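Every chain is numbered from 1 and lettered A, B, ... according to where its sequence line falls, protein lines coming before strand lines. Predicted model only: the values in this text are computed from it and were never measured.
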2 protein chains.
Amino acid sequence: MIQLLDLVETDEKNIFKNSQLNAKNPSQFVLSEALRKLHTLSNRMMSNFEALFTYIHETAGKSLSAQDKQLLMVHFKPKKLRKRQYFLQEGDVCRYIGFITKGSARTFTVDEKGNEHILKLSLENWWLADFESFYKLTPSRFNIEALEELEVLQTTNAEIEDVLKQIPAFLEMSSVINQNYTIANQKRIEAAMTYTAEERYGDLVRNYPQFLKRFPQNMIASYLGLSRETLSRLRKNALK
Amino acid sequence: MIQLLDLVETDEKNIFKNSQLNAKNPSQFVLSEALRKLHTLSNRMMSNFEALFTYIHETAGKSLSAQDKQLLMVHFKPKKLRKRQYFLQEGDVCRYIGFITKGSARTFTVDEKGNEHILKLSLENWWLADFESFYKLTPSRFNIEALEELEVLQTTNAEIEDVLKQIPAFLEMSSVINQNYTIANQKRIEAAMTYTAEERYGDLVRNYPQFLKRFPQNMIASYLGLSRETLSRLRKNALK
DNA sequence: GTAGTCAGGTGATTTAAGTCACGCTTGCCT
DNA sequence: AGGCAAGCGTGACTTAAATCACCTGACTAC
């Protein structure tokens with residue numbers, strides 16, 4: 001039981017996982033103490049996990065068994081980042097993939113001139129990772145930074161293989177997401193190559209209206225591949 | 001056996017599949033005739049299929065059993081298109097996905113002004129489809145046209161589910177391809193948004209030198225999102 | 001043959017968007 | 001309260017690339 005107490009004290013976030021594994025042989029005193037913390041934690045975590053469960057269910061079109069859910073709770077760990085904290089830094093290998101339960105983030109590069117280019121803006125119910133780095137375990141060319149207080153459920157490259165193998169709904173979800181990404185990326189390439197700044201902004205307003213409420217204009221401009229001045233001007237014209 | 005003969009005469013491309021299914025109860029005369037054609041065909045087709053087998057093996061890192069190969073030969077059918085023929089037309093649902101064994105193709109849209117924009121150039125050992133339309137069975141916004149005499153091995157949306165389920169190496173390949181597409185698309189978005197015409201052309205020269213030999217400059221220009229004049233000029237500058 | 005089409009090059013001009021510079025608000029920090 | 005950085009707007013100027021126009025050479029069809 002020292003083991004359990006240690007875990008409670010040193011790595012609070014792991015308590016849920018480890019107490020599940022060790023709960024069969026507890027001493028009375030330690031149990032009551034651990035259970036109190038466990039209760040608080042599990043409530044907090046459950047609400048985060050519910051979002052993930054719902055998301056998987058809806059995306060995969062398959063329901064999750066109690067066992068599936070337990071497995072997800074073992075493999076995914078909640079993590080909080082303050083505003084401006086980095087989820088991933090350029091040059092590091094992206095070892096974690098996160099499911100956003102609260103907050104927002106941006107994925108960006110910095111070019112030789114020091115200009116930042118936002119490649120992705122992410123909100124709740126989106127996955128957060130540099131997939132190239134995550135899949136291939138190569139150093140990332142991107143930075144991922146929290147734009148607001150950010151809460152994710154994250155797992156590692158090593159563990160996700162288990163999850164994919166053991167939870168059919170998760171595998172299905174993964175395949176659906178890949179399809180959707182491919183489609184969305186294809187559209188974005190088309191847009192970047194063939195449309196004017198104005199048309200691209202119009203698309204954003206139509207397809208991602210929530211972006212306008214959550215992200216400042218300079219971020220939107222960078223995401224659209226525009227200078228903030230150009231965006232400001234075409235917003236003025238669009239009002240007419 | 002009339003059935004078999006009919007198939008030989010009316011749909012030569014299906015002979016291999018159907019003779020496999022019907023070969024258990026042949027009459028002597030018809031068999032010898034059919035076998036002659038079958039032999040010719042199977043030789044021709046095998047060489048195409050070898051490219052597919054090799055590709056799956058190398059991409060998935062798993063080998064294919066004899067059964068796997070047979071199943072692929074049942075589900076994939078060779079198809080030839082002449083130069084300028086369409087593999088897919090805008091407005092149609094993309095029911096087929098093709099593996100290119102010979103030739104090249106372009107995927108493009110036509111905007112309101114009548115300008116064509118090439119989104120993808122494809123060569124041997126690439127898959128050919130509008131994935132959005134193929135996965136969702138919605139009308140495609142793209143045209144896919146053969147640029148040279150084109151040979152593909154193609155299957156349908158309905159059949160590919162079987163292939164994915166029954167051949168583990170194919171499923172693995174599919175997942176690897178999806179990852180690679182996602183990565184390649186991410187890079188292309190980054191390039192389109194942040195790099196100049198010159199840098200994008202430089203990237204192409206480095207990453208896809210074979211494109212320069214196989215595709216005319218106006219196609220390359222369109223693929224890079226440039227006018228042919230701009231490409232011509234920056235090629236002149238690059239020579240210095 | 002000759003006409004016609006197509007890929008490609010190049011000059012002159014236009015235009016969309018970037019860059020630089022400055023000002024104005026708003027919220028935050030101590 | 002004062003200082004200060006962030007977010008946004010806007011005028012003046014520059015620049016990258018598109019567009020328009022015309023030319024050449026190669027190939028194809030008749």
Protein-nucleotide distance ([X], atom [atom1]; [N], atom [atom2]), rounded to Å:
| X | N | atom1 | atom2 | value |
| --- | --- | --- | --- | --- |
| B:Ile118 | C:dA7 | CD1 | P | 11 Å |
| A:Ile220 | D:dG9 | CD1 | C1' | 17 Å |
| A:Met193 | D:dA17 | CE | P | 13 Å |
| A:Leu234 | D:dC8 | CG | P | 14 Å |
| B:Leu224 | D:dA18 | CG | C1' | 15 Å |
| B:Gln217 | C:dC6 | CD | C1' | 13 Å |
| B:Asn218 | D:dA18 | CG | P | 14 Å |
| B:Leu147 | C:dC6 | CG | P | 15 Å |

*Answer with yes or no whether A:Glu229 presents, from its side chain, a donor or acceptor under 3.5 Å of a partner atom in the base of D:dC8.*
no

_Between the base of C:dG11 and the side chain of B:Arg233, is there a donor and acceptor pair under 3.5 angstrom?_
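Such a pair exists between side chain and base.
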
*What is the ring orientation for A:Trp127 with A:Phe170, classed by angle as parallel under 30°, tilted 30 to 60°, or perpendicular over 60°?*
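Ring orientation of A:Trp127 relative to A:Phe170: perpendicular.
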
*What is the ring orientation for A:Trp126 with A:Phe211, classed by angle as parallel under 30°, tilted 30 to 60°, or perpendicular over 60°?*
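Aromatic pair A:Trp126/A:Phe211 classed tilted.
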
*Sort out for me which residue in B:Lys79, B:Lys77, B:Lys80 forms a salt bridge (Lys or Arg N to Asp or Glu O under 4.0 Å) with B:Glu151.*
B:Lys80

*Can any side-chain N or O of A:Asn157 pair as donor or acceptor with the backbone N or O of A:Arg95 at less than 3.5 Å?*
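It does not hold such a pair.
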
*Nucleotide nearest B:Ala197 when distance is taken to its side chain, options D:dT10, D:dA17, C:dA17*: D:dA17

*Looking at the side chain of A:Lys236, which of D:dT10, D:dA17, D:dG7 is the nearest nucleotide?*
D:dT10

_For B:Phe215 and A:Leu231, find the nucleotide of DNA chain C closest to each by heavy atoms; which residue's nucleotide sits nearer the 5' end?_
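The 5'-side residue here is B:Phe215.
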
_5'-most by nearest nucleotide on DNA chain C - A:Gly225 or B:Met219_ =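 Its nearest nucleotide being more 5', the pick is B:Met219.
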
*At under 4.0 Å between heavy atoms, which parts of nucleotides 23-30 of chain C does protein reach? Answer with one letter per nucleotide, 5' to 3': B base, S sugar-phosphate only, - none.*
--------

*For B:Lys120 and B:Ala129, work out which heavy atoms get closest and say how close.*
NZ-O, 4.1 Å

*Axis-to-axis angle across the helix from C:dG1-D:dC30 to C:dT30-D:dA1, five pairs an end, to 10 degrees?*
30°

*Aromatic ring proximity, centroids under 6.0 angstrom, A:Tyr55 and A:Phe99*: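 Yes; A:Tyr55 has its ring centre under 6.0 Å from that of A:Phe99.
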
*Full working for salt bridge (charged side-chain N to carboxylate O under 4.0 Å, His left out) between B:Lys83 and B:Glu149*: CA-CA 5 Å; B:Lys83 193 173 171 173; B:Glu149 169 106 339; over 6 Å; no

*Pick one: which of A:Arg214, A:Lys102, A:Gln210 meets side chain to side chain donor-acceptor pair (under 3.5 Å) with A:Glu124?*
A:Arg214

_Within 6.0 Å of OH in A:Tyr135, more than 12 heavy atoms from elsewhere_ =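 For A:Tyr135, atom OH is crowded (more than 12 foreign heavy atoms under 6.0 Å).
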
